Amino acid sequence: MTVETTLAVTEQVIRAYSEKMQEPGWMTDFRLTALAQAADLPMPEPDKTNIKSWDFLSFSAHTVESEGYSTLADLPQDIQSLIDTENQKTLYIQRNNTPAYVSVSQELQDKGVIVTDIHTAIRDHGDLVKQYLMTDVVKPDEHKLTAYHAALLNGGAFIYIPKNVEMDEVVQVIYVQDDESVSLFNHTLVVAESNSKLTYVENYLSTFETATGQANIVSEVLAKDNAKITYGAVDVLAKGYTAYVNRRGVAHRDAVIEWALGLMNDSDTIVENVTHLVGDNSEGHVKTVVVGRGDQKQNFTTKVIHWGKNSEGQILKHGVMKDSASSIFNGIGKIEHGASKSNAEQESRVLMLSEKARGDANPILLIDEDDVTAGHAASVGRVDPMQMYYLMSRGISKHEAERLIIHGFLAPVVRALPVEGVKKQLTEVIERKVR
Amino acid sequence: MSTLVIQDLHVSIDGKEILKGVNLTLNTGEIHAVMGPNGTGKSTLASAIMGHPKYEVTSGSVTLDGEDVLEMEVDERAKAGLFLAMQYPSEITGVTNADFLRSSINARREEGDEISLMKFIREMDSKMDFLEMDQDMAQRYLNEGFSGGEKKRNEILQLMMIKPTFAILDEIDSGLDIDALKVVSKGINEMRGEGFGSLIITHYQRLLNYITPDHVHVMMQGRVVKSGGPELAHKLEAQGYDWIKEELGIEDETVGQEA
Ligand SMILES: Nc1ncnc2c1ncn2[C@@H]1O[C@H](COP(=O)(O)OP(=O)(O)O)[C@@H](O)[C@H]1O
Ligand SMILES: [Mg+2]
């Protein structure tokens, strides 16, 4: 197999796209600079997974055009069921690359909250986007995939919470893929100003069997002083993608970022989830669940980096591996010099459901400061026969007992998701995947 | 009436013989106590009847109304009417007590005839009240972080919800303070009746102050060495086990030893 390491997309294509999207000049330059850098940048090197033969770059079309949804009733049933149509006031739905539906509650509009697709944001909130888009949290020149992401960005959302705005409602975003050929260079940019509070949940949901495009997804999440962000996600990308999913957060002083990530892609996937605790007393809590099946290969690298004093980082990862799926779970707690009184905790557990499945949990603590606490626990194992015996001794069938144990094992993230419909969906996806 | 018959049961674990020919017959309407010092094979008997994966039955039989229990999978044994309150119940993260109980009940019902959520909740609430359990125990993960006493009550809650024909209760009294012991006994006495039989394993007599057994058996060296009525339990309470050992010429009552 030969693998594309450079892209078929040319400068002209990008210029034309930028023009068509009516982007300001700085955005066109941003793209072109990244494109120029991409050629010479190396690929990322996810620890313990060799991606040399992974094809992240070949795809047929940069964008596809889709119809929007004029009302929620136009949505396919499985998308509709994600939404509490009665109460969900603030919602963005993207169909393939097309912003398909957006609504923002009057209350949030009045408070100056911005929830919009990334293209509109680039046009209408240029100053803000220019300030935050891949300038600090993730940078285009980190490696080839971030650079291509910047150059090719073709969808996503911008969420901005002004100072002191504490939101009670949840912001929900759904990225629907119903065209096999769609490629996602999707960017979610979340900025919470000081003393604000946001609960956000997103879905990536492919409704087809097999993708022919690519998925290169980046989320940047910035929590300024004393801001609190809860970020829930359920990814269900179809097989066929070679997915790169990078969700990264930065927490300033007293800020809290909580992640609840249900990573249910059927594609080969590299997932990077990093939280920088830059401010004193900041907190990062990561909960991740994964189900691997078929001959899927995945790498999940979860990292919390402590810079601020008295910062608190917690990683909880639970993975279920079946068939001949293989996954690497890297959990990294890093305490930088000066981050005294910090605490880095992590727990990784992998449940193997078949002989051929592979799952490696690699807990790593990197500590450059004396006055800290840290701990880790990791295990790879099978369904506990004593638990099976206990459940079956109550009349529960073997199949149902296994089902209960697996769902229980993955429950920490299901429970942490903010929207009932999304919780239910994750439960159903787990159900479908482990069956 | 139902009958559980255990005949000449021999059980090994990791190739070591623990039970060396146990005979017992239980009818519904009866409560049997199995007593004996630690290490005499009581839990092994309970586990073998329920089908614990580590215990290997090498010979003998267990039948329930003539049906071969040993041929059944663990869940089939439960559905046939057997229940075991375990000495060390498993903890299962992420599975709530309520979900687990509902699955247990529905496992006994046909698809499409599942217990309604309302009815289930009502029943569980009333049983939890009866057992003086905190209502929040329903939504806690199964046995996770439960105290010893909470685990025991939870076993009795399951017993009362599932309503088996035969319940084996393995050291249901161990680690309980007197109040908890009374509550647990109350639960068992509530079950007592025509359609229910029980085998209560204990090495203390004190549980039997609250639940009067119809029959009392003493196990030593992996066998039932003596059977009698409730007066046997009282004699054990007053005099300990030494007189039995003397009577039978047993030096060491644990299973490693031969008489
Ligand atoms: N898992 C095990 N592995 C090896 N030997 C065991 C195991 N469980 C029990 N035994 C042996 O069986 C004997 C009887 O155990 P058990 O049935 O638990 O006794 P009791 O319940 O009467 O205290 C123990 O003394 C021990 O020697
Ligand atoms: Mg015992």
Side-chain angles (χ1 to χ4, degrees), chain A residues 260 262 287-291 316-320 347-351 353 377-417 420 423-424 426-431 433-434, chain B residues 46-55 72-109 111 114 139-144 151 154-155 157-159 161-165 167-168 170:
Chain A
K287 291 192 174 112
T288 298
V289 291
V290 171
V291 176
L316 176 81
K317 294 164 94 170
H318 283 190
V320 172
E347 184 184 326
S348 293
R349 310 244 173 246
V350 185
L351 195 57
L353 299 185
S379 66
V380 177
R382 301 191 176 277
V383 175
D384 178 0
M386 284 305 96
Q387 294 186 338
M388 289 294 288
Y389 168 60
Y390 187 68
L391 294 177
M392 288 175 72
S393 78
R394 301 313 186 228
I396 297 170
S397 69
K398 188 171 178 188
H399 182 263
E400 178 68 8
E402 208 171 78
R403 203 190 131 260
L404 281 173
I405 292 168
I406 292 165
H407 278 279
F409 179 71
L410 300 175
V413 165
V414 178
R415 288 200 158 201
L417 286 169
E420 218 38 57
K423 263 185 203 176
K424 201 156 158 270
L426 178 56
T427 305
E428 283 163 12
V429 173
I430 291 169
E431 187 85 52
K433 292 195 81 170
V434 300
Chain B
S47 303
I49 296 172
M50 202 66 233
H52 187 298
K54 272 203 157 174
Y55 293 79
M72 300 178 193
E73 294 293 331
V74 176
D75 57 323
E76 293 167 341
R77 297 180 195 205
K79 285 193 281 189
L82 299 182
F83 179 91
L84 169 59
M86 299 199 189
Q87 190 172 358
Y88 305 107
S90 289
E91 303 186 358
I92 301 176
T93 312
V95 178
T96 64
N97 217 2
D99 282 349
F100 158 66
L101 264 173
R102 201 144 65 95
S103 295
S104 303
I105 289 169
N106 285 332
R108 291 166 168 75
R109 302 168 70 115
E111 218 174 304
E114 286 87 358
Q139 289 311 317
R140 279 172 61 187
Y141 292 152
L142 182 51
N143 293 323
E144 195 180 69
K151 283 184 183 164
N154 204 40
E155 293 292 289
L157 174 66
Q158 295 166 42
L159 169 71
M161 295 291 287
I162 292 172
K163 305 181 188 79
T165 315
I168 303 163
D170 192 1

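Here the structure is a predicted model, which is why all the values come from computation and not from measurement. Proteins come first, then strands; the chains are lettered A, B, ... in the order of their sequence lines, and each starts at number 1.
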Just wondering, do B:P164 and B:L82 contact through their side chains at under 4.5 Å, heavy atoms?
-> no
For the residue pair A:V383 and A:F409, establish whether any side-chain heavy-atom pair is separated by less than 4.5 Å.
-> no
Show me, pair by pair, the donor and acceptor atoms from chain A and chain B that are under 3.5 Å apart.
unit_1: A:M386; atom_1: O; unit_2: B:S90; atom_2: OG; d: 3.3
unit_1: A:Q387; atom_1: NE2; unit_2: B:E91; atom_2: O; d: 2.8
unit_1: A:Y390; atom_1: OH; unit_2: B:N143; atom_2: ND2; d: 3.2
unit_1: A:Y390; atom_1: OH; unit_2: B:E155; atom_2: OE2; d: 2.3
unit_1: A:Y390; atom_1: OH; unit_2: B:Q158; atom_2: NE2; d: 3.0
unit_1: A:R394; atom_1: O; unit_2: B:R108; atom_2: NH1; d: 2.6
unit_1: A:R394; atom_1: O; unit_2: B:R108; atom_2: NH2; d: 3.3
unit_1: A:R394; atom_1: NE; unit_2: B:Q158; atom_2: OE1; d: 2.5
unit_1: A:R394; atom_1: NH1; unit_2: B:L84; atom_2: O; d: 2.6
unit_1: A:R394; atom_1: NH2; unit_2: B:L84; atom_2: O; d: 3.0
unit_1: A:R394; atom_1: NH2; unit_2: B:E155; atom_2: OE1; d: 2.6
unit_1: A:R394; atom_1: NH2; unit_2: B:Q158; atom_2: OE1; d: 3.3
unit_1: A:R415; atom_1: NE; unit_2: B:Y141; atom_2: OH; d: 3.2

Ranked by heavy-atom pairs below 4.5 Å to chain B, first place among A:L391, A:L410, A:I405 goes to A:L391
Please report the closest heavy-atom contact between B:G51 and B:V74, naming both atoms and the distance.
-> O-CG2, 3.3 Å
Correct closest heavy-atom pair for B:M161 and B:I105 would be CE-CD1, 3.8 Å
What part of B:I162 lies closer than 4.5 angstrom to a heavy atom of chain A: side chain, backbone, both or neither?
-> side chain
Can you name the side-chain contact (heavy atoms from CB on, under 4.5 Å) partners of A:A260, sequence neighbours left out?
-> A:V413, A:A416, A:L417
Using a 4.5 Å cut-off on heavy atoms from C-beta on, say whether the side chain of A:I430 contacts that of A:V414.
-> yes
Examine whether an atom of B:L142 lies under 4.5 Å from a heavy atom of chain A, and if so say whether it belongs to the side chain, the backbone or both; otherwise answer neither.
-> side chain
By side-chain contact (heavy atoms from CB on, under 4.5 Å), which residues pair with A:V350, not counting sequence neighbours?
-> A:M321, A:F329, A:M352, A:A361, A:V380
